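Data block below; observations after.
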Amino acid sequence: MPRSALPLVILAVFLGAVTPLAADPVVKGAEHCVVNVRADDRLNLRAAPRAEAAVRERFAYGSCGIMVTAACKGSWCPVEDGHHSGWVHRHYIAALPDVEFCFTAAASRELRFLRAWPSSGSRIVTELPARQCGIRPLPYIVEGWQKARVDGWEGWLLQAGLAHTGD
């Protein structure tokens, strides 16, 4: 991506234009991330399953670690994040996909850089080994970039270098 396009990517992320990975439905007991919320807004964790209920906490776009603790009641799901519990609207959370990726055999060094933002001009968080597996996708994709978690790191990888493990 040309350096001149970086401001557009940042603007797209700010406005919440990051596409959730074909989001699984809400899954009881699974980890979820905040989606469909503008980057300058927050998802409200409510004390009860209704929009008028008191706000207990606010989650930023991209926040993960939200666990659905029981069956949803209509559009509202009971959740906790290890610190707070309450209710969120199901439209604003997506379960982490239950898949793992490895790098393809042809993945070049450039494809193995885990980056801070979805851009080739972004800061490199770490370089992953050529035979790296166990790459867990997060529910976000931006123009050929997949947000992922691997070995305690979180960042963006080019999709072109990833292959599904079939697990």
Side-chain angles (χ1 to χ4, degrees), residues 1 6 9-10 12-43 45 57-69 77-86 88-167:
M1 173 180 295
L6 184 57
V9 171
I10 292 170
V13 170
F14 178 75
L15 294 177
V18 177
T19 306
L21 184 66
D24 292 339
V26 173
V27 179
K28 178 184 169 189
E31 180 181 358
H32 292 69
C33 297
V34 176
V35 297
N36 300 323
V37 173
R38 287 177 37 147
D40 63 343
D41 199 1
R42 300 286 185 264
L43 170 61
L45 176 71
E57 182 61 46
R58 301 184 79 212
F59 299 118
Y61 174 82
S63 297
C64 294
I66 300 168
M67 304 296 287
V68 174
T69 58
C77 301
V79 301
E80 63 90 17
D81 71 344
H83 303 283
H84 305 92
S85 62
V88 298
H89 194 285
R90 71 182 305 133
H91 176 74
Y92 301 105
I93 58 173
L96 269 61
D98 190 22
V99 298
E100 287 189 356
F101 293 109
C102 293
F103 285 121
T104 63
S108 68
R109 184 171 185 228
E110 175 65 24
L111 294 176
R112 294 185 283 112
F113 291 144
L114 187 70
R115 298 204 176 257
W117 293 95
S119 165
S120 295
S122 173
R123 175 178 58 84
I124 297 169
V125 175
T126 191
E127 180 178 350
L128 298 169
R131 299 185 193 281
Q132 179 74 53
C133 284
I135 300 167
R136 296 293 313 263
L138 296 176
Y140 309 101
I141 295 173
V142 175
E143 298 177 5
W145 291 86
Q146 172 69 59
K147 190 164 188 182
R149 186 182 290 160
V150 58
D151 292 343
W153 297 97
E154 195 171 292
W156 295 86
L157 292 165
L158 281 165
Q159 290 178 303
L162 300 173
H164 185 268
T165 62
D167 292 340

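Starting from 1, each residue takes its place in the sequence as its number. Note that these values count all heavy atoms, side chains included, but never hydrogens, waters or copies made by symmetry. Not measured: the values here are computed from a predicted model.
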Closest heavy-atom pair, Y61 versus V37, reported as atoms and distance to 0.1 Å, is CD1-O, 3.0 Å

State, to 0.1 Å, how close C64 and L138 come at their nearest heavy-atom pair, and which atoms those are. SG-CD2, 4.3 Å

Any carboxylate oxygen within less than 4.0 angstrom of a Lys/Arg side-chain nitrogen, looking at E110 and R115? yes

Q132 to L128 - nearest heavy-atom pair and separation: OE1-CD2, 4.2 Å

What's the spacing between M67 CE and K28 NZ if we round to 0.5 Å? 11.5 Å

Interatomic distance, CG@L162 vs SG@C102, rounded to 0.5 Å, equals 9.5 Å

Determine, stepwise, if the pair L114 / W156 fulfils side chain to side chain contact (heavy atoms under 4.5 Å, CB included). CA-CA 5 Å; L114 187 70; W156 295 86; 5.9 Å; no

Heavy-atom closest contact (T69 atom, V79 atom, distance): OG1-N, 4.0 Å

Ignoring hydrogens and angles, tell me if any N or O in the side chain of R136 forms a donor-acceptor pair with the backbone of D151 under 3.5 Å. no

Could you check R90, H32, E80 and say which one makes a side-chain contact (heavy atoms from CB on, under 4.5 Å) with V68? H32

Taking all non-hydrogen atoms of both residues, which atom of V34 and which atom of A60 are closest, and how far apart? CB-O, 3.6 Å

Between G134 and V150, which heavy-atom pair has the shortest distance, and what is it? O-CG2, 4.0 Å

Rounded to the nearest 0.5 Å, what separation is found between the OG1 atom of T104 and the CZ atom of R112? 10.0 Å

Student check: side-chain heavy atoms of L96 and P139 closer than 4.5 Å: yes

Report yes or no: does Q146 contribute a side-chain atom to a donor-acceptor pair with the main-chain N or O of Y140 at less than 3.5 Å? yes

Counting C-beta onward and ignoring hydrogens, is there a side-chain heavy-atom pair between D41 and R58 closer than 4.5 Å? yes

Any ion pair linking R149 and E31 (charged N to carboxylate O, less than 4.0 Å)? yes

Does the side chain to side chain contact (heavy atoms under 4.5 Å, CB included) test come out yes or no for W145 and L158, once each step is laid out? CA-CA 4 Å; W145 291 86; L158 281 165; 3.4 Å; yes

Determine, stepwise, if the pair V142 / W117 fulfils side chain to side chain contact (heavy atoms under 4.5 Å, CB included). CA-CA 10 Å; V142 175; W117 293 95; over 6 Å; no

CG of L43 to NE2 of H91: how many Å apart, nearest 0.5 Å? 10.5 Å

